[in-house]
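A short worksheet on the structure shown next.
Atoms considered below: every heavy atom in the structure, side chains included; atoms not considered: hydrogens, waters and symmetry mates.
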Amino acid sequence: MTNDKPLALVTGASSGIGLELARQFGENGFDLVVAAEDAGLTSAAAELRQTGAEVQPVQVDLRTPDGVAQLYAAATSLGRPLDAVALNAGVGRGGAFIDTDLADEQEIIDVNITSTVHLSKLVLRDMAARNEGKVLITSSIASTMPGSFQAVYNASKSFLQSFAEAVQEELKDTGVTITSLMPGPTETNFFHRADMDDTPVGQSSKDDPAQVAAQGFAALMDGKNKIVAGSLKTKAQGVANRVLPDKVKAVAHRKMAEPEE
């Protein structure tokens, strides 16, 4: 890789919002390090090279500390600073909490929470030492409501939202910015992988991941603290969730996420 372009790292980049975020970076003059655990990363990297970016794919399992360390080592081995990092990797699992497997819930915690905190610790220390850099954390509109029938997933996103806003405050007098991206239901493989094809939200029309990514990228570049991204319907839900009681939101989420008989 040459050194005349800024460098961005994007996790969960093989499809969905992550792939579209990587495309935004590539189309806006960044070289890329892209990470995912699945073999689809190879074709995603080839697609992203069409933007003119140099792309280094790193196939890695972020559920483990070793996977996080491996990714960080690969991303920094180029001898170039990471100018922007999109911590987007995430998984979910639908179903009643007492019925789902503990291993599935633990995976949500390991990927959504633990790997994000671990990578944030590494990249933010580097950015703070340089007094520059941008980090995007993919939270969710789910962070604003109790997740009936997605209990651990929504809780993981609530953690990320609180985490992002706390570290924003700590770094507000530096040249480092943190932006929380809060999509609503988006047309990706997420709901299928989460075993939610038989739910109202799984079967509904959802937001365009390219639209979500474009809005998230713009907010990151502008240094905004957070953005509810996607359609007008999603943005309206974000506004409503600021005032609705948690009990009401929990009931509404159940109607959306409970499997149909």
Side-chain angles (χ1 to χ4, degrees), residues 10-28 34 36 38 40 44 47-48 51 86-94 108 111-112 116 136-150 153-158 160-161 164 179-222 224-244 249-250 252-260:
V10 182
T11 67
S14 60
S15 63
I17 295 172
L19 174 58
E20 296 301 334
L21 281 169
R23 194 189 316 278
Q24 285 289 322
F25 281 110
E27 290 177 347
N28 285 278
V34 290
D38 58 285
E47 184 179 335
L48 291 167
T51 67
L87 300 175
N88 170 79
V91 295
R93 175 61 57 179
I108 293 171
V111 176
N112 298 12
T116 301
L136 184 74
I137 294 176
T138 300
S139 171
S140 172
I141 199 170
S143 70
T144 66
M145 65 187 85
S148 313
F149 291 85
Q150 280 183 287
Y153 173 76
N154 281 42
S156 76
K157 294 300 185 177
S158 296
L160 291 181
Q161 189 64 34
T179 301
S180 169
L181 173 61
M182 303 168 67
T186 304
E187 199 62 61
T188 70
N189 291 328
F190 172 86
F191 292 98
H192 178 69
R193 290 197 301 260
D195 195 24
M196 295 181 68
D197 290 333
D198 59 347
T199 64
V201 66
Q203 297 169 10
S204 69
S205 175
K206 292 176 274 293
D207 289 349
D208 179 1
Q211 179 189 48
V212 170
Q215 293 176 12
F217 179 82
L220 178 69
M221 291 299 105
D222 289 343
K224 292 182 177 179
N225 287 341
K226 61 184 177 182
I227 180 171
V228 176
S231 63
L232 291 175
K233 178 181 177 182
T234 296
K235 291 179 182 293
Q237 184 181 8
V239 172
N241 283 353
R242 296 177 194 166
V243 296
L244 288 172
K249 290 187 285 188
H253 199 282
R254 177 178 192 144
K255 293 178 179 177
M256 177 178 67
E258 185 173 13
E260 296 178 334

Spatial distance of atom CG (Asn241) from atom NZ (Lys249) [nearest 0.5 Å]: 5.0 Å
Point-to-point distance, once rounded to the nearest 0.5 Å, from OG1 of Thr186 to CD1 of Ile17: 4.0 Å
Rounded distance [0.5 Å steps], CD in Gln237 versus CE in Met145: 4.0 Å
Salt bridge (Lys or Arg N to Asp or Glu O under 4.0 Å) contacts touching residues 16-28 (sequence neighbours left out): Glu20-Arg23, Arg23-Glu47
Listed partners of Asp207 passing side-chain hydrogen bond (donor to acceptor under 3.5 Å, both in side chains), at least two apart: Ser231, Thr234
Distance-only side-chain donor-acceptor flag, Lys235 / Gln215, under 3.5 Å: yes
Gap between atom CD1 of Ile227 and atom OG1 of Thr179 - 0.5 Å precision: 9.0 Å
Approximate separation, where rounding is to 0.5 Å, of Asn154 CG and Ser148 OG: 8.0 Å
Heavy-atom side-chain proximity of Leu181 to Val212 below 4.5 angstrom: yes
Leu220 side chain near Leu21 side chain, heavy-atom distance below 4.5 Å: no
Residues that Phe190 engages under ring pair (Phe, Tyr, Trp, His ring centres under 6.0 Å), provided they are two or more places apart: Tyr153
Note, Pro200 side chain near Glu260 side chain (heavy atom, < 4.5 Å): yes
Contacts of type salt bridge (Lys or Arg N to Asp or Glu O under 4.0 Å), residue Arg254, not counting sequence neighbours: Glu258
Between NZ on residue Lys226 and CG on residue Leu136, distance to nearest 0.5 Å: 14.5 Å
Salt bridge (Lys or Arg N to Asp or Glu O under 4.0 Å) against Glu187, all qualifying residues, sequence neighbours excluded: none
Those residues that, when tested against Phe217, pass ring pair (Phe, Tyr, Trp, His ring centres under 6.0 Å) (two or more places apart): Phe25
Any Met182 side-chain heavy atom under 4.5 Å of Ser143 side chain: yes
